S.K.: 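One structure coming up, written as structure tokens, with questions to follow.
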Amino acid sequence: MAPGTLSNYLKSGAIWAFIVLELAFFSIAGEYFSLSDKAFMDFDNMLLLFKQSAPIGIIAMGMTIIMVNGNIDLSVGATYALCAIVLLDSMTWPIFAGLGDAVIPISWALALLTGVLLGALNGLIVWKTGVDAFIVTLGSMLGYRGLVFMYNGEQPTSHLNWTLVDFAEAQFLGLHTATWFLLAVTVAIWFLMNRTVHGRNAYAIGDNRSAAVNAGIRVGPHMMINFMIIGFLAALSAVVFYSESGSVNPNDGELYELWIITAVVLGGTKLTGGSGSIVSTFGGVLAIQLLRKGLAHIGADTSTVNLVIGLILIAVLFLDRQLNLKGKEELRV
Amino acid sequence: MSRPDTGQTPVLRLENIVKTFPGVRALDGVSFAVMPGEVHALMGENGAGKSTLMKVLGGIHQPNEGQIFVEEQATVINTPLEAKAKGIVFIHQELSLAEELSVAENIYLGELPRKSFGRVDWNKLFAETNEILGKLNVSFDAKARVGDLSIANQQMVEIARALTVDAKAVIFDEPTASLTDAEKVVLFDVIADLKSQGVGIIYISHRMEEIFKITDRISVLRDGQYSGTLTTAQTNEDEVTQLMIGRSLDLSRNVSHGELGDVALEVRGLSCGHLYQDISFEVRRGEVVGFYGLVGAGRTEIAETLFGLRDPSAGTILLDGKEVRINSPAEAIAHGISLVPEDRKGQGLVLGMNCRDNMTLPQVDDLKAGPFVAEGAEVAIFDQYRDRLDIRTPGWRQLVGNLSGGNQQKIVIGKWLSMHPNVLILDEPTRGIDVGSKSEIHNLIRDLASQGYAVIVISSEMPEVLHVSDRIIAMYHGELIRTFSSEEVTEDNLIQAISGIRSDKVA
């Protein structure tokens, strides 16, 4: 076996082992602590878990590309909220009055376009100025959130379209609409990352940027495309979620970026780029959602949930570092 | 052996030091001694083992065999801090200073004098620093911000830092690399001062002129082995050169065979700021042109310009007689220029990717089936060049990071050959590669030339340039000193050309 193979297996399998562990723990603990009589691994409960994973999961797929590419995007939560406002508000615009339900695809398109444009702006700044993506998207996180508040002040923006609600609450083959979107995005991004030139180059750029440049790869356009993809996915996530809820608060989507990064990192993607897997990110998303749901199931409050997830994140990264260090002559720092 | 019978105790003595890395014997039984008040030059080509030896002395590497003696006491040095505590201090070529901090804070970094409650004793700090600076006779004071000082003065700060301990041996690693002539004089004064205080000095440099000006003895390393110590006053540059390059590796001189094709690449008056000036040369099809010079002579920078990584400030580049502008590596590749970079792992390969993906990286966009990568076509390319270049790997799935240096380099070369370039530039093609793979790569370079490629080889190893080149361009400080044909070049006139010695031989 080549050196590193064992630790690679351990790493790619670890997230699924962790999920199994969570399921077992909450099933057993649920017997003793749960306030409800329902078992944790109840079928409907699991279906709901997938549905609830969708908003963060859809964006996490985009974040995986961004991070494999060696960047990061902190503005996704604000993009998500802004796109939600565009979605709901555009349905009430006078120019679309009289279209009836035909306004739905138009509003969706507008929201998705908004996401792509906001992402493109991030990407363009990162590309053309060479400023670190962390700084650029920290700025746009604040800026985009500012736009959200400028739109409607502290007031929520609401519009319920019952056709949309029916669509969002529909179940096809047992899975909710949101779950289907999550699965479709996961498959599409998996193909993008593993089968296309763009995906191949994203790994190369994140692993060794100067080698990529020396191979004639144009780094800037690739980064910009990735930011457009994550912008699109943030908008898609908003479209899926707010079609059902019909009301967006200006604070919605806050801290999403951190939950998403947590899920991606739990899935084994390196913050420094060049390494990461879509399937493992999917596992990371499920693991976090399981943890939140499971802890709630056994009666823990939100603050406990945050504490536990924080501890687990650090423990996982420590473990990852130990696995990576093994057998290599690392310089003492 | 290397100990003169002066009756003195050497401040530092190495006995039979061996250091191996996987696949490489970096140091093979190195012994030499530094006497108090002696300036001892350590010479050798790049890769001869000087820096490994210094890392052993500095506690960064542990020797596999052999012993270090400080004032004749057997010593084990586990960390850089221990080295310093034992009086062995380093003045590195690359300065490691905190630019935002004051001179005093830099000098006492990690050892700031303290008062109660952990407060810094600033008065004591500045007083002690000024005392040391006084000895060095410098023009700045303890409170100056290091970032505001010239490079030479920053080096003085490094030296001052060395003087805070009771230094027994001070090691200078290429200290004059970035100094002006006037600054060198000041540095040499400081070295003379240290010498008169009985400190032993190891002076690492490639520059013959300096070596003969300030050192007492010269020890030479070659291929990780100690090849002798000479007394400076009783030797000459030729003798030192002999010790440095007289190796047993089969590196017969190349003889050009005259069968050259058209001019593939011509460069006229190319300059890039202070990096290199007014460079003109041409490369014909079927010809290997070697660039020889010291590190920093501007060779790599010329290659980077040809490959679109740097903008030239003046001059023109012609490919097949037509003037071209090359603004990015992507454009260079489109023009058929390929670069095998100096830093294989840092610039040439994506270590986390497998062999096949690395080899097809520049052309994967041309290998599409619909929206997806045509992996079958990639495997075909990989197989073809694996066989042609004899790349030894279990299969294309192997991560490139797991291959030996020689096989990694062949992947990089295969990557470009599969694109059928017009001009192939190889920068230090055999750096860090074992002797066997070295000669394979040399043969490959000659093969490529005979197949009609125009090849540029940049190398700091004289036997290598002599072995592969039809013509050799010698560079010094960004200047093209002379172009030698393979008939007229000798080791002597080549080493003199790249050391900036303009004797009558170098007209």
Side-chain angles (χ1 to χ4, degrees), chain A residues 1-9 11-12 67-70 127 187-222 225 268-270 272-277 324 327-333, chain B residues 21-22 55 59-61 78-80 304 307-309 328-334 337-341 343-353 357-375 378 393-395 397-403 412 415-416 419:
Chain A
M1 194 155 53
T5 314
L6 178 67
S7 62
N8 280 342
Y9 275 122
K11 274 186 287 175
S12 56
M67 284 170 64
V68 163
N69 201 202
W127 173 12
V187 171
I189 301 294
W190 185 89
F191 268 102
L192 181 74
M193 292 304 279
N194 292 287
R195 288 285 178 270
T196 70
V197 174
H198 177 75
R200 178 80 63 81
N201 288 348
Y203 278 102
I205 293 166
D207 191 325
N208 188 341
R209 188 164 167 167
S210 44
V213 170
N214 284 336
I217 295 173
R218 299 188 65 214
V219 170
H222 277 290
I225 288 170
T269 298
K270 276 196 206 156
T272 46
S275 157
S277 129
N324 277 324
K328 288 185 188 161
E329 273 194 316
E330 294 271 328
L331 205 65
R332 270 174 298 207
V333 183
Chain B
F21 295 106
K55 283 177 180 161
I60 295 168
H61 291 323
N78 289 312
T79 64
E304 286 169 347
F307 196 57
L309 287 164
S328 69
E331 287 183 31
I333 293 165
I337 300 178
S338 296
L339 172 67
V340 174
D343 178 3
R344 182 170 60 246
K345 292 181 180 178
Q347 300 166 338
L349 292 166
V350 182
L351 292 179
M353 275 189 166
D357 292 358
N358 265 289
M359 196 179 273
T360 56
L361 196 61
Q363 56 177 324
V364 64
D365 212 10
D366 306 326
L367 300 173
K368 276 189 296 197
F372 297 134
V373 175
E375 301 202 358
E378 287 188 285
T393 160
R397 287 184 181 81
Q398 185 70 13
L399 291 186
V400 149
N402 295 335
L403 300 185
V412 182
K415 171 167 88 176
W416 294 122
M419 306 273 295

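Every chain is numbered from 1 and lettered A, B, ... according to where its sequence line falls, protein lines coming before strand lines. Every value quoted in this text rests on a predicted model; they were computed, and no experiment measured them. What's counted below: heavy atoms across the whole structure, side chains too, no hydrogens, waters or symmetry copies.
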S.K.: Which of the residues A:S210, A:A211, A:G199 is involved in the greatest number of heavy-atom pairs with chain B at under 4.5 angstrom?
M.R.: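 Option with the top pair count is A:A211.
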
S.K.: For B:L349, is it the side chain, the backbone, both or neither that has a heavy atom under 4.5 Å from a heavy atom of chain A?
M.R.: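 Contact with chain A involves the backbone of B:L349 alone.
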
S.K.: Working to the nearest 0.5 Å, report the span between CG of B:L339 and CG of B:L309.
M.R.: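 Result: 7.0 Å between the selected atoms.
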
S.K.: Test: salt bridge (Lys or Arg N to Asp or Glu O under 4.0 Å). Region: residues 194-215 of chain A. Which pairs qualify, not counting sequence neighbours?
M.R.: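 Residue pairs passing salt bridge (Lys or Arg N to Asp or Glu O under 4.0 Å), neighbours aside: A:R195-B:E375, A:R200-B:D357, A:R200-B:E378.
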
S.K.: Using a 3.5 Å cut-off and no angle test, enumerate the donor-acceptor pairs between side-chain atoms of residues 364-374 of chain B and protein atoms at least two apart in sequence or in another chain.
M.R.:
from, atom 1, to, atom 2, distance (Å)
B:D365, OD1, B:K368, NZ, 3.3

S.K.: For the interface with chain B, which of A:N201, A:N214, A:T196 has the highest count of heavy-atom pairs at distances below 4.5 Å?
M.R.: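 With the most close heavy-atom pairs to chain B, the winner is A:N214.
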
S.K.: State, yes or no, whether a side-chain contact exists between A:M67 and A:K270 at a heavy-atom distance under 4.5 Å.
M.R.: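 No - every pair of side-chain heavy atoms lies 4.5 Å or more apart.
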
